[in-house]
Structure formats: C-alpha cells, structure tokens
Amino acid sequence: MVEEAALAPLAAAVDALGLSAGPVPLGSVTVAGAAVQPTGVGEFDRVLAGGLVPGSVTLLGGEPGIGKSTLLLQVLAARAASGHRVLLVSAEESAHQVRLRAERLGAVPPSLFILEGTDVNALPGAVAEIRPDLIVVDSIQSVAAGSPAPGEGRALGVPGSVSQVRECADRLVSLAKASGVATVLVGHVTKDGALAGPRALEHLVDTVLSFEGDRHYALRLLRAVKHRFGPTGELGLFEMGEAGLTAVADPARLLLGDRPSGVPGGIVLPVMQGRRTLPVELQALVTPMAQAPPKRVAIGLDQGRLVLTLAVLGQRAGVPVSDLDVFASVAGGIRVTEPAADLAIGLAVASAATGIALPTDLVAVGEIGLAGEIRQVTNLPRRLDEAARVGFTRAVVPGSAPAGPPGMELIRVQTLGEATARLGCAVGGR
Ligand SMILES: Nc1ncnc2c1ncn2[C@@H]1O[C@H](COP(=O)(O)OP(=O)(O)OP(=O)(O)O)[C@@H](O)[C@H]1O
Ligand SMILES: [Mg+2]
C-alpha cells in the first residue's frame with residue numbers, strides 16, 4: 001500500500017514540456033531537435049538505434065555490481081572526448097572514487113564534470129552553469145528532492161522510497177524536457193529483476209535499458225526493454241575487464257572458447273537474443289537417482305521445458321530418465337528460455353544418458369511437441385547462418401526446415417526419436 005499525494009508534480013512536468021495550447025497540423029511541427037546523438041560507445045548506440053535523443057530520459061536498470069556505473073562513465077567519457085560537455089551526478093560514490101575509476105578506464109577528458117551529492121534541486125543550477133548535453137544520474141534511488149521544513153508540505157521519506165523516487169524522476173524528466181539535455185538515470189533492480197521503485201518510473205521515461213549478465217562471467221548484455229525512438233530488438237554485447245567494458249566482436253570466442261570435445265552431454269545451440277544470434281553451449285549430466293523423486297536441475301534454462309523434454313524423451317523417444325537425476329546448464333551465464341532450445345536439451349540428455357558424445361561440429365534447433373514431434377522455430381535461417389559462420393557444419397533441424405547456408409549439412413528430423421537414432425544416442429545404439 002502506497003499513500004498517493006496529489007498529481008501536482010506530474011502536471012508540472014507536463015507543463016514544462018511547453019506543449020502548444022491549440023491543435024496544429026502535424027506537418028508543421030519542426031523535427032530539428034530530435035536528431036540522435038551518437039555517444040561513441042558503439043554497442044550502447046546500437047541498442048539505442050543510433051544514440052541518445054536530446055531531451056530524452058533513459059533509465060538503465062541492472063543488478064548490483066553488474067557494471068552500470070562503469071558503462072555510463074565510459075559513455076560520458078566517450079561523449080566528452082568528442083568535445084561535448086557532460087555531467088555526472090554521483091549520489092552513490094564520491095568524486096574521488098569516480099576519479100579513480102575514470103583513470104582505470106582511460107583518459108579523463110576536461111569536459112567531463114561531476115556533481116557530488118544527492119539533492120536533485122542542485123541540478124538546474126549546475127545545468128545552467130555547465131550547459132552539458134548529457135547528464136547521468138547515478139542513481140535514481142539515492143537522490144532526494146529535498147526535505148520539507150517541519151510541519152510544511154508532505155514528507156517525501158528517505159531516498160529510495162516510492163515517493164522520493166517518483167518525485168525525483170518527475171523533476172529530472174521536467175528538467176530534461178525543458179533544457180533539451182539527454183538524461184540517463186541509473187536504476188537498481190530488485191531480486192526478481194524488476195526495477196526498484198514505482199512501476200510508474202518506466203512509464204515516465206522514454207527509454208528503459210536493461211544491463212544483464214552473470215557477475216561470475218565477463219559477458220554483459222545490454223538491451224532496450226522500451227524505446228520511444230526506435231526498435232527494441234537490438235542487443236549490445238560487452239566484456240567486463242580491468243579496463244572496463246569492451247565491445248564483444250565475436251561472441252563465439254567468449255562462449256565456446258573452453259568447450260570440451262568428445263564428452264557426452266554437450267551440444268551447441270544458436271539462440272536468438274533480440275535480433276542477434278549467439279552460439280551457446282548446453283551441457284547435460286545424468287547420475288543414478290540419489291533419492292526419489294529424481295532431481296531436475298536447470299541452470300540458465302527453463303525448468304518447465306527441461307521437465308517436458310525429459311517426459312517426451314522417456315515416453316516418445318525411448319530414452320528413460322525416470323530413475324536418473326538430470327542436471328542441465330548453459331555455459332557463459334546466458335539465460336535460454338526459448339522453446340527452440342528443446343531439441344538441443346533432448347539430445348544433450350540423450351547423449352549424457354547413453355554415454356555417446358555428439359559430434360563437435362553439430363548444432364541443434366527445434367521445438368519439441370508432446371507427441372515427440374520436432375516443430376519449426378523462428379529465425380531458423382539466421383541461426384544457421386551464424387552457426388555456419390563460426391564453423392559448424394551440421395545441424396539437426398525440423399523436417400520442414402528450408403535449405404541451409406552453403407557448407408552446412410542439414411539433418412532433418414520429424415521426431416525426437418528419429419533425432420536420437422540418427423545421431424547414435426538412442427538406447428540400444430550404444
Ligand atoms: N579493478 C578492476 N578490475 C576489473 N574489474 C573491476 C575492477 N573494479 C571493478 N571491476 C568490475 O566492475 C564491477 C562494478 O562495476 P560498477 O560499479 O559499474 O557496477 P554497478 O552496476 O554500478 O554497481 P552498483 O549497483 O553497486 O552501483 C565489479 O563487479 C567488477 O566486475
Ligand atoms: Mg554503480
């Protein structure tokens with residue numbers, strides 16, 4: 001339950017937009033101010049369909065320690081390096097800390113300014129003084145819109161509370177619209193992945209970016225959840241290292257670099273992440289059941305799809321797993337939840353259960369139906385193109401699949417049983 005105050009701040013934000021009072025022909029509206037400005041960090045610009053739009057507000061969400069501050073400091077430095085004045089409002093870290101990080105990441109451009117503190121009311125003055133064309137606020141949960149004098153006005157609570165976050169976001173959005181300065185807000189996410197603070201925050205801003213990855217791995221994924229100035233399908237790939245985040249030109253090197261060969265249970269699957277294809281390695285291991293009911297452990301995979309695939313494997317493909325504990329995981333810290341992974345999961349488990357390794361030049365894509373049939377998946381040609389590009393030469397695909405890229409042999413299968421039989425990992429084939 002959240003106490004709702006009057007809508008005054010939102011109304012003020014709308015006022016600040018300077019919306020014309022009367023209707024005008026759409027054709028007469030000027031569009032000069034809306035051109036995107038590239039920041040200079042290629043993968044960041046790619047996700048934003050070119051760069052940041054002046055006066056727009058972007059919210060960057062991500063788990064603690066994933067690299068939000070690092071990414072945005074690099075964006076600021078890159079923009080500043082091309083001669084623009086930029087401002088970092090650091091409410092979480094001291095100027096000293098930020099300076100140390102900036103030095104670790106590279107040069108510290110003279111037109112990169114920092115405002116230390118948590119009071120958003122200090123911002124309009126700073127903007128008037130510095131005239132930046134990009135502001136980063138790190139983070140929206142740690143700034144405050146000042147506390148009212150005792151007995152006067154409503155209390156806003158501590159920074160991070162719903163009312164403070166909303167009030168601060170309102171003021172920052174009004175400032176961005178009024179001054180035409182592109183603004184990026186850092187937002188923390190809660191354990192279940194939602195942005196902390198009011199849900200309304202996502203409606204208030206123009207763009208919501210999500211920065212993801214597994215802290216134990218170097219790979220980081222940046223995607224747009226909502227974008228008012230372009231499509232949301234793009235994916236940015238970064239690698240976290242000593243010198244900060246670098247663009248990943250060849251994800252296959254990072255994802256498949258340490259793949260063992262000749263070990264049963266391993267297979268590669270070209271997954272779609274937005275509009276990008278990533279080859280990921282899927283591994284399965286089976287052990288005799290330690291205790292009933294048998295364990296089904298899915299790491300980076302959808303638990304429900306693993307259980308469904310195991311049921312089909314036992315009932316339709318003749319690979320019984322009901323007395324085995326099954327562990328399945330995706331390497332590299334990537335999460336694969338699409339049904340297109342079913343066939344690869346089924347083959348990996350069949351391979352682990354029979355002890356027969358799958359060929360290392362093989363990928364598999366297909367959705368498994370409850371009758372054991374293998375169904376068509378989205379973007380199959382793209383997935384196979386990418387698999388061929390990184391050196392795979394054979395693919396297990398649904399029977400109805402169109403022709404594959406040159407140099408790629410397609411193994412068309414109608415059912416999961418046919419797939420395990422053709423790859424020699426059916427029970428009785430050992
Ligand atoms: N000296 C270093 N060398 C390599 N990587 C480092 C170094 N210092 C920090 N890192 C990486 O940077 C990450 C922290 O990045 P950053 O502070 O940008 O994250 P954040 O998302 O802003 O976190 P928070 O939510 O706490 O603000 C660390 O988890 C670590 O992976
Ligand atoms: Mg941070």
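Remember, it's a predicted structure, so these values are computed and weren't measured experimentally. We count ligands from 1, going down the list as the structure has it; atoms in each ligand are counted the same way.
- Relative to atom 19 (O) of ligand 1, the option among Ala243, Gly67, Gly244 with the closest non-hydrogen atom is Gly67.
- Residue contacts to the Mg ion (ligand 2): Ser69 brings an N, O or S atom closer than 2.8 Å.
- Listed by number with element, the atoms of ligand 1 under 4.0 angstrom from any heavy atom of Thr70 are 15 (O), 16 (P), 18 (O).
- Protein non-hydrogen atoms do reach within 4.0 Å of atom 2 (C) of ligand 1.
- Between Leu71 and Leu222 there is a side-chain heavy-atom pair separated by less than 4.5 Å.
- Ligand 1 lies out of reach of Ser139, whose nearest heavy atom is not under 4.0 Å from it.
- The protein atom (non-hydrogen) at minimum distance from atom 12 (O) of ligand 1 is Met240 CE, 3.5 Å.
- Of all protein heavy atoms, the one closest to atom 27 (O) of ligand 1 is Glu92 OE1, 3.5 Å.
- Inspection of the Ser139 and Glu92 side chains reveals an N or O donor paired with an N or O acceptor under 3.5 Å.
- In this model, no donor atom of one side chain and acceptor atom of the other lie less than 3.5 Å apart for Asp138 and Ser90.
- For atom 6 (C) of ligand 1, the closest non-hydrogen atom on the protein side is Arg104 NH1, 3.6 Å.
- With respect to Arg171 and Glu167, a salt bridge is recorded, a charged nitrogen being found less than 4.0 Å from a carboxylate O.
- Near Ser69, meaning under 4.0 Å from any of its heavy atoms, are these atoms of ligand 1: 18 (O), 20 (P), 22 (O), 27 (O).
- Using a 4.0 Å cutoff on heavy atoms, Arg101 counts as a contact of ligand 1.
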